[in-house]
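Working notes for the structure below.
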Amino acid sequence: MLLDWIHEFDYLRWFFGQVGEVFCYTGTTGTLDVEVEDYAEVLLRFDAGVVANVHLDYLQRTYRRSCEIIGAEGVLIWDYIAQTVTCYGRTDRQVEVFTEQIDTERNQMFLEERMNGEGVFRSVSVIADMALSYEGSYDLALATVEAAAEAHAGAINFQIFLADELAVPGYHYYPLYTRLELPPERWASLITHAHQRGLKVTANVFGAATAMWLAEAGVDAFKVHAADVGNRPFLQRIGALGKPVLLSAGGSTLGEISHALRVLQQHGAPEVALLAGVQNTPTAVDDTHLARIRLLKERFGLPVGYADHLDADAPLAPVVPLLAIAAGADFVEKHITLARALKRGDYVSALNPDEFAEFVLRLHEARRCVGVPGGDLGEGELSYREGMKKRVVARRSLEAGHALREEDLTLLRTDEPSDLWTLEHAVGRAVSRTISQYGSIGERDLSARPDALKRLVAVLLCRASSSRLYAKPLQRVGDKTILEHLIGQIRLIPRLDEIILAISEGPANAGFVKLANQLDLDYVIGDEEDGLSRMLRAAEFARADTVFRVTTENPFLHIENINQLIETHAERQSDLTYCDRLPEGTFSELVELSALRRSYERGTRRHRSAWVNLYIREHPEQFRIATLLPPEELQRPEIRLTVDYPEDLIVARKVYEAFDGRMPIPIRSIIRFLDEHPEIKAINQGLEVGALPV
């Protein structure tokens with residue numbers, strides 16, 4: 001009883017401070033079939049002189065929860081169920097009622113407390129991964145649990161296989177997976193024994209059915225393999241089980257990780273940690289990529305562990321886990337085996353029990369050092385990704401022309417080549433050929449993606465360097481930066497799915513990262529000169545189909561025609577759609593991600609600058625281009641509303657002040673203002689337009 005309702009005492013301590021004296025009376029009426037007291041009366045006296053009485057019981061069938069504070073000047077009554085606070089004055093007259101309807105489950109506050117507290121992954125420093133070393137033997141698995149406990153590991157990880165949840169029957173490792181299967185009651189016994197030996201238990205699972213009985217068996221956390229990072233239905237089911245989740249980040253892009261985290265957290269996962277490291281045992285030294293640990297921590301603000309799979313006999317094997325801790329890892333996962341000389345499953349990177357004990361000791365002694373964030377995926381991870389990711393396959397035979405539904409598809413490993421790793425990119429499209437059961441489905445097998453299913457993402461290129469005006473997007477117009485004004489206008493577009501910043505690398509661009517965090521926007525960091533590659537990386541991160549583009553030094557945007565722009569782009573199935581002859585800096589355009597990829601592949605170095613559509617404009621015979629014209633009164637390309645020079649910034653500020661800072665300002669109103677004030681319009685006339693790249 002008292003442990004179940006402990007938060008009542010938390011509230012009182014928060015209100016009144018330290019408790020000086022406590023008197024408690026508890027008992028059991030015998031009317032309920034519970035093994036604890038079913039009512040309690042608690043009297044507390046606080047050091048501040050306040051006296052409180054707490055009544056708790058399990059007897060009431062109508063759920064009530066309230067708090068009444070009585071003082072010399074009045075009374076406050078808080079009703080948790082009604083979500084009200086009622087104030088009474090000295091004369092018992094109701095003075096005021098505060099109401100806040102919170103649309104959330106009542107357990108959500110406790111889930112958030114668990115996410116922000118120590119949690120499973122902040123309380124362990126070493127996870128012993130049994131991996132395949134048990135070779136399907138319960139006795140070997142039990143002995144491995146004992147060895148991990150004796151070595152003082154904090155947790156043990158079980159890889160729990162049901163072959164049909166992992167791969168198609170024809171997959172080359174399918175027979176091995178079937179040999180590794182243990183009955184659920186055996187795994188439950190191992191979990192119980194690990195808990196008795198003081199170990200937390202994490203478990204690799206590859207299907208929802210296994211996850212459900214593991215949750216009932218008391219597993220402490222689920223580990224999602226890299227093969228399932230893009231498996232949305234599976235992630236939804238895992239999150240809904242309410243257990244902490246360890247999400248493998250090896251072989252997954254930052255965009256994939258971001259979307260997987262969103263799914264897990266939206267569906268109830270109370271705690272999520274990431275696990276860096278490539279599991280292509282043994283990992284080459286060049287593929288350890290320890291700098292990615294800090295990148296993941298800074299990007300996602302979650303605990304990050306490191307899975308070490310270096311050859312156990314390699315000279316660096318004892319060193320790399322210590323470097324991982326120095327690079328910011330909160331914990332390290334390491335394979336353990338009973339006898340490496342016997343070469344049982346996953347022996348290459350595994351440590352013998354005595355070596356593992358030494359490993360744990362040294363890891364606890366490791367000192368932290370500074371790591372340098374790196375890129376997204378290395379060559380080793382790309383190779384691993386190709387071999388280990390689940391691909392989209394057919395649940396059943398499909399006739400050519402069939403429009404795909406989610407129930408037609410699943411994600412499984414297959415030896416057939418495929419470039420589709422998520423269901424979202426297949427559902428709603430028709431197959432162009434007959435697909436057999438478990439046949440892989442690739443982009444080449446599908447009709448064009450319907451416009452209704454396309455993701456429209458605004459990608460904003462950001463960099464500080466400029467020979468004319470430094471950090472143009474971060475210059476202030478009124479009380480906000482140009483970039484903030486621009487983002488505020490873009491957010492008014494109802495059809496837009498997301499905004500993402502594509503930021504140049506280097507310390508000079510830290511202001512953009514800070515702004516992205518303040519505005520809760522995703523971002524990528526890339527080559528300063530290669531604007532097109534940054535655009536592509538950001539669009540792929542955000543899973544864009546169509547990119548909405550503006551230049552980021554323009555505080556004023558012609559938003560009145562953007563819906564028309566979107567409709568025209570869809571109707572004409574264009575690769576590029578833009579509005580021409582507007583005042584300079586007020587334009588926007590839509591471009592297909594596929595067109596940007598083609599322009600990157602076919603273009604030269606001069607096509608890879610911030611002029612991301614340059615190759616498309618120069619080669620209209622290769623692309624479908626749609627051009628709109630605004631109303632005649634807006635066709636004023638001689639007017640400069642961009643900010644490329646100091647003079648442009650002066651004009652922008654004067655326009656903003658003239659309209660009292662009310663944004664967005666219609667472009668026709670700005671044109672009228674400048675025509676009425678030629679002295680302001682003249683300030684930036686005659687300036688050279690930024691030259692095309694050479």
Task: pair Glu560-Leu634: side-chain heavy atoms closer than 4.5 Å - done: no
TODO: Indicate yes or no: does Arg598 engage Asp575 in a salt bridge with an N to O separation below 4.0 Å.
DONE: yes
Task: Side-chain ion pair, Arg429 and Glu443, N-O less than 4.0 Å - done: yes
Task: Interatomic distance, Arg391 atom CZ to Thr414 atom OG1 [nearest 0.5 angstrom] - done: 8.5 Å
Open item on the list: Whether the side chain of Asp648 engages the backbone of Asp644 through a donor-acceptor N/O pair (distance < 3.5 Å, no angle test) should be reported.
Closed with: yes
Task: Residues Arg543, Glu498: salt bridge by 4.0 Å N-O rule - done: no
Open item on the list: Are the side chains of Val547 and Leu590 in contact, using a 4.5 Å heavy-atom criterion?
Closed with: no
Open item on the list: Closer than 3.5 angstrom, by distance alone: can the side chain of Thr552 be matched with the main-chain N or O of Cys462 as a donor-acceptor pair?
Closed with: no
Open item on the list: Testing the basics here: between Gly328 and Ile293, what is the closest heavy-atom pair and its distance to 0.1 Å?
Closed with: C-CG2, 3.7 Å
Task: Under 3.5 Å: donor-acceptor pair, side chain of Asp580, backbone of Thr627 - done: no
Task: Donor-acceptor pair, side chain of Glu406 and main chain of Glu424, under 3.5 angstrom - done: no
Task: Leu246 side, atom CG; Glu271 side, atom CD - distance, nearest 0.5 Å - done: 9.5 Å
- [ ] Give, for atom CG of Leu674 and atom CD1 of Ile680, the distance between the pair rounded to the nearest 0.5 Å.
- [x] 7.0 Å
Open item on the list: Do the side chains of Glu632 and Arg581 get close enough for a salt bridge, i.e. N-O under 4.0 angstrom?
Closed with: no
Task: Spacing of Ile562 atom CD1 and Leu496 atom CG [to the nearest 0.5 Å] - done: 9.0 Å
Task: Cation-pi, Phe623 ring and Arg617 (6.0 angstrom, 45 degrees) - done: no
- [ ] Return yes if some donor-acceptor pair links the side-chain N/O of Arg534 with the main-chain N/O of Glu528 below 3.5 Å, else return no.
- [x] yes
Open item on the list: Less than 4.5 Å apart, side chain to side chain, heavy atoms only: is that true for Glu592 and His569?
Closed with: yes
TODO: Could you walk me through whether Gln518 and Leu515 pass side-chain contact (heavy atoms from CB on, under 4.5 Å), step by step?
DONE: CA-CA 5 Å; Gln518 289 174 350; Leu515 187 59; 3.6 Å; yes
Open item on the list: When you measure from the side chain of Ser588 to the backbone of Arg549, do you find a donor-acceptor pair of N or O atoms at a distance under 3.5 Å?
Closed with: no
TODO: Would you give the length of the straight line joining atom CG of Asn509 to atom OG of Ser465, rounded to the nearest 0.5 angstrom?
DONE: 7.0 Å
TODO: Kindly compute the distance separating CD (Glu584) from CZ (Arg636), expressed to the nearest 0.5 Å.
DONE: 14.0 Å
Open item on the list: For the residue pair Arg495 and Phe548, would you count it as a cation-pi contact if the rule is NZ or CZ under 6.0 angstrom from the ring centre and within 45 degrees of the ring axis?
Closed with: no
Task: Ser258 side-chain N/O to Gly255 backbone N/O, donor-acceptor pair under 3.5 Å - done: no
Task: Exam field: side chain Ser533 to backbone Asp530, donor-acceptor pair closer than 3.5 Å - done: yes
Task: Ring centers of Phe673, His677 separated by less than 6.0 Å - done: yes
Task: Exam field: side chain Arg455 to backbone Asp497, donor-acceptor pair closer than 3.5 Å - done: no
- [ ] State whether Arg597 and Glu540 are salt-bridged, where the test is any N-O pair (Lys NZ or Arg NE/NH1/NH2 against Asp/Glu carboxylate O) under 4.0 Å.
- [x] yes
TODO: Look at the aromatic rings of His259 and Phe541 and report parallel, tilted or perpendicular, splitting at 30° and 60°.
DONE: tilted
Open item on the list: Which heavy atom of Leu557 sits nearest to which heavy atom of Thr586, and what is that distance?
Closed with: CD1-O, 3.7 Å
Task: Heavy-atom donor-acceptor pair, Arg537 side chain to Ile525 backbone, under 3.5 Å - done: yes
Task: Carboxylate-amine/guanidinium contact Asp675 Arg672, below 4.0 Å - done: no
